[in-house]
Amino acid sequence: MKSIIRVVAVFLALAVSAVAVQAQGRILKEISAIKGVESVYVGKFMLRTFDSVSTIGVDYEFGEIVGCLDGIEIVSAETEEAVAKALPILENLIKKHTPKFEVLVETVDEDETTVIYGDISADKVKCLLIVNREMMDELSIIALRGDIPVEKLASITD
Amino acid sequence: MITIDKARQLIARYYDGMATPEEITALERFFASSEQLPEDLLQDAELFGLIRSARGSSIDMSVPDGLYETLETIVDTEMPECRHVLPKFRLWIMSAAAAVAVLLVAGVAMWSGSDMDRDRELVAGALYDDEVTDPQQAAEITRMALAELTGGLRKAKVSVQRTERDIDRVNEQINHIMKKIY
């Protein structure tokens, strides 16, 4: 009986690790596949090539954050039809994401709404979603994945 | 009689297991009748010679009658404990458990939205269609993404500060009125 339990335990561990590995994948892939949506992706390798802050010409705090990133995804929809298709997927993504996304910031400026969602666990930000919506026909989403300490994120607003 | 070059070709086929019975016979005849052979064929000639002599010997290669039964009796009497190491029903249960576990892994992978595109990232060197490989462009995009993040966070901070100032102003007004009253 012990052997059976061991076999099942090993396979369950494999299943859990398979989910964990997949969770590291791209989260905006489904939206990027929508017709009329433009997408761009900067992978971990390219981000690691920015070995110095001066490489990308950003502030010091920015440079520190770049070093904590694993990937940047940007999608933008500029037609009403594409936005209409992307929004339910985004909503679903935010609802089903584990652990749950928290709304960090929501700003409304006339016709423009920006919401920043964060997946925060143990003082580390694992994923940030910056959703910017303007009118009915403009939507852009930026996903930043990595292991960003919360204090580094807070420091960039100073 | 085949030529030396042809023999070389057939030997290559022979070692690959591709030679037909006719080609094998041709090779056997070639090695049996050739006296002076190039150096690269000497080992092959030796092998074919051994095969020829084994075929011509009178050693009885047939399996003795009752060998299987004798071996089975030895196994049953000498190693009875081996039969109890993995009883059939236990093997069956373990196989079933493994099958269920494999199905679980596959099911969980499918449920969690596995797709080829996502998995490609796990393969070293694989790139997405929209993946940026130009460092200049990547730097520009990174800068822009971080600027959006900072802009959003700062905007919120400014709003909070403005609200705090408004609250302070209201408090001042209240204090002023209270002083007038009392």
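Chain letters run A, B, ... following the sequence lines, proteins first and then strands; every chain starts at 1.
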Fill in: Contact origin within A:Leu153 toward chain B - heavy atom pairs under 4.5 Å
both
Worksheet entry | A:Phe45: partners by side chain to side chain contact (heavy atoms under 4.5 Å, CB included), with sequence neighbours left out | A:Thr49
Worksheet item: Should the heavy atoms of other residues, nucleotides or ligands under 6.0 Å from CD of A:Glu151 be counted, would the total exceed 12?
Response: yes
Worksheet entry | A:Thr107: side chain to side chain contact (heavy atoms under 4.5 Å, CB included) partners, not counting sequence neighbours | A:Val105, A:Thr114, B:Lys155, B:Ala156
Item to complete: Would you give the length of the straight line joining atom CD1 of A:Ile116 to atom CD of B:Glu148, rounded to the nearest 0.5 angstrom?
Response: 8.5 Å
Worksheet, complete the sentence: So CD1 of A:Ile65 and OG1 of B:Thr150: to nearest 0.5 Å the spacing works out to 7.0 Å
Item to complete: Under 4.5 Å, counting heavy-atom pairs only, tell me which of B:Leu153, B:Val158, B:Asp134 racks up the most with chain A.
Response: B:Leu153
Discussion item. Quick check on A:Glu112: does its CD atom have over 12 non-hydrogen neighbours (other residues, nucleotides or ligands) under 6.0 Å away?
Written reply: yes
Response to the item:
Between A:Ile130 and B:Ala145 the two heavy atoms that sit nearest each other are CD1-O, 4.2 Å
Discussion item. Can you confirm whether B:Gln43 is buried at CD, in the sense that more than 12 heavy atoms of other residues, nucleotides or ligands lie under 6.0 Å from that atom?
Written reply: no
Worksheet item: Should A:Leu47 and B:Thr142 be marked as a side chain to side chain contact (heavy atoms under 4.5 Å, CB included) after you check the CA-CA gap, both sets of side-chain angles, and the distance that decides it?
Response: CA-CA 8 Å; A:Leu47 289 164; B:Thr142 306; 3.8 Å; yes
Discussion item. Would you say CE of A:Met136 has more than 12 non-hydrogen atoms from neighbouring residues, nucleotides or ligands within 6.0 angstrom?
Written reply: no
Worksheet item: Could you give the distance from CD1 (B:Ile141) to CD1 (A:Ile74), rounded to the nearest 0.5 Å?
Response: 6.0 Å
Worksheet item: Would one find more than 12 heavy atoms of other residues, nucleotides or ligands at under 6.0 Å from atom CG of B:Asn175?
Response: yes
Worksheet item: Which atoms form the tightest heavy-atom contact between B:Ala138 and A:Met46, and what is the distance?
Response: CB-CG, 3.2 Å
Discussion item. I'd like to know whether A:Arg26 forms a side chain to side chain contact (heavy atoms under 4.5 Å, CB included) with B:Asp130, so could you lay out the CA-CA distance, the side-chain angles of the two residues, the decisive distance to 0.1 Å, and finally the verdict.
Written reply: CA-CA 12 Å; A:Arg26 291 183 58 175; B:Asp130 56 354; 2.8 Å; yes
